[in-house]
Trainee: 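Provided herewith is a single structure, encoded as structure tokens, for subsequent inquiry.
If you're wondering where the values come from, they're calculated on a predicted model, not measured in any experiment.
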Amino acid sequence: MFCPNCGRQIPDGSKFCPYCGASLEGKYVESKPKRKSTTIIIPLILILVLLFGLFALIKFIKPNTTSNTEQETIATLIPYRKGDKWGFCDRNKKLVIPAVYDDAYSFSQGLARVKVNGK
């Protein structure tokens with residue numbers, strides 16, 4: 001016997017549901033209750049979250065496209081000063097970036113901090 005209110009199985013001949021307290025007088029439910037929709041919704045939500053996570057990994061995480069030689073070239077650029085301005089040269093003292101900056105710092109992860117007109 002199943003409670004028509006909460007759907008749980010209860011002992012035969014009960015007058016009240018021991019789980020929800022609903023009165024069972026005059027109500028006799030022999031069949032199993034219908035499947036709750038939450039048993040279908042929760043797996044669907046989990047699948048959607050996993051698909052979104054996979055999409056985010058593919059779409060937003062980009063592989064490192066710079067080659068090793070390009071990274072080595074950038075890492076070997078050295079700040080140099082010409083008058084009051086700063087620029088960058090390679091290890092052979094060949095001018096790579098002209099001296100147009102008020103201040104310049106070494107490259108790190110392919111970027112260098114520079115200062116122009118107080119900014």
Side-chain angles (χ1 to χ4, degrees):
M1 181 165 143
F2 295 93
C3 175
N5 191 29
C6 68
R8 292 188 175 182
Q9 187 172 5
I10 54 175
D12 290 338
S14 298
K15 294 183 180 182
F16 292 97
C17 176
Y19 301 105
C20 68
S23 175
L24 302 175
E25 290 186 26
K27 299 176 184 175
Y28 188 78
V29 180
E30 189 62 44
S31 65
K32 260 190 162 179
K34 292 183 180 178
R35 187 177 202 176
K36 294 184 180 179
S37 62
T38 56
T39 58
I40 296 173
I41 292 174
I42 292 174
L44 286 176
I45 291 172
L46 289 175
I47 290 171
L48 289 175
V49 167
L50 289 174
L51 287 175
F52 179 75
L54 181 63
F55 173 75
L57 283 175
I58 293 171
K59 184 74 175 172
F60 299 115
I61 297 177
K62 296 178 182 174
N64 188 2
T65 57
T66 57
S67 65
N68 287 338
T69 56
E70 185 180 339
Q71 288 178 346
E72 290 172 7
T73 303
I74 291 173
T76 58
L77 292 181
I78 303 166
Y80 78 95
R81 185 174 180 173
K82 185 176 182 182
D84 290 342
K85 300 293 181 176
W86 287 86
F88 293 91
C89 64
D90 62 7
R91 291 188 180 194
N92 298 326
K93 297 183 182 178
K94 180 183 172 190
L95 179 65
V96 178
I97 299 174
V100 294
Y101 305 106
D102 296 332
D103 203 359
Y105 297 89
S106 298
F107 274 85
S108 174
Q109 298 180 355
L111 302 172
R113 185 172 65 157
V114 294
K115 189 176 188 181
V116 178
N117 298 329
K119 296 181 182 180

Trainee: Please name the pair of heavy atoms, one in Pro98 and one in Leu95, separated by the smallest distance, quoted to 0.1 Å.
Mentor: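 Taking Pro98 first and Leu95 second, the nearest heavy atoms are CA-CD1, 3.9 Å.
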Trainee: Roughly how far apart are Leu77 CG and Cys89 SG, rounded to 0.5 Å?
Mentor: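 Result: 8.0 Å between the selected atoms.
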Trainee: Between CG of Asn117 and NZ of Lys115, what distance do you get to the nearest 0.5 Å?
Mentor: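 With rounding to 0.5 Å, CG (Asn117) is 10.5 Å from NZ (Lys115).
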Trainee: Test your reading of the model: is there a side-chain donor-acceptor pair from Asp90 to the backbone of Asn92, 3.5 Å cut-off?
Mentor: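 It does hold such a pair.
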Trainee: Would you say Val100 ends up clustered with Val114 if hydrophobic residues are merged whenever their side chains have heavy atoms under 4.5 Å apart, either directly or through other cluster members?
Mentor: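 Same cluster.
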Trainee: Which pair of heavy atoms, one from Ser106 and one from Pro79, lies closest together, and at what distance?
Mentor: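 Result for this residue pair: N-CG, 3.9 Å.
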Trainee: Tell me whether Val116 shares a hydrophobic cluster with Phe107, the cluster being built from Ile, Leu, Val, Met, Phe, Trp, Tyr side chains joined at under 4.5 Å.
Mentor: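 Yes, Val116 and Phe107 fall within the same hydrophobic cluster.
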Trainee: If you look at every heavy atom in Phe88 and Ala104, which pair is closest and at what distance?
Mentor: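 Taking Phe88 first and Ala104 second, the nearest heavy atoms are CZ-CB, 3.8 Å.
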Trainee: OH/Tyr80 to CD1/Ile97 distance, rounded to the nearest 0.5 angstrom?
Mentor: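 Those atoms lie 9.5 Å apart.
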Trainee: Roughly how far apart are Leu48 CG and Phe52 CZ, rounded to 0.5 Å?
Mentor: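 Between atom CG of Leu48 and atom CZ of Phe52 there are 11.0 Å.
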Trainee: Check whether any side-chain N or O of Arg81 sits under 3.5 Å from a backbone N or O of Gly83 as a donor-acceptor pair, and report yes or no.
Mentor: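 Yes.
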Trainee: State, to 0.1 Å, how close Lys85 and Ala99 come at their nearest heavy-atom pair, and which atoms those are.
Mentor: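 Closest pair (atom of Lys85, atom of Ala99, distance): CB-O, 3.5 Å.
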Trainee: State the NZ-CD1 distance between Lys93 and Ile78, to the nearest 0.5 angstrom.
Mentor: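 Nearest 0.5 Å value for the NZ-CD1 distance: 9.0 Å.
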Trainee: List for me each residue that meets side-chain hydrogen bond (donor to acceptor under 3.5 Å, both in side chains) alongside Tyr19, sequence neighbours excluded, and say none if there are none.
Mentor: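 Listed in chain order: nothing, the list is empty.
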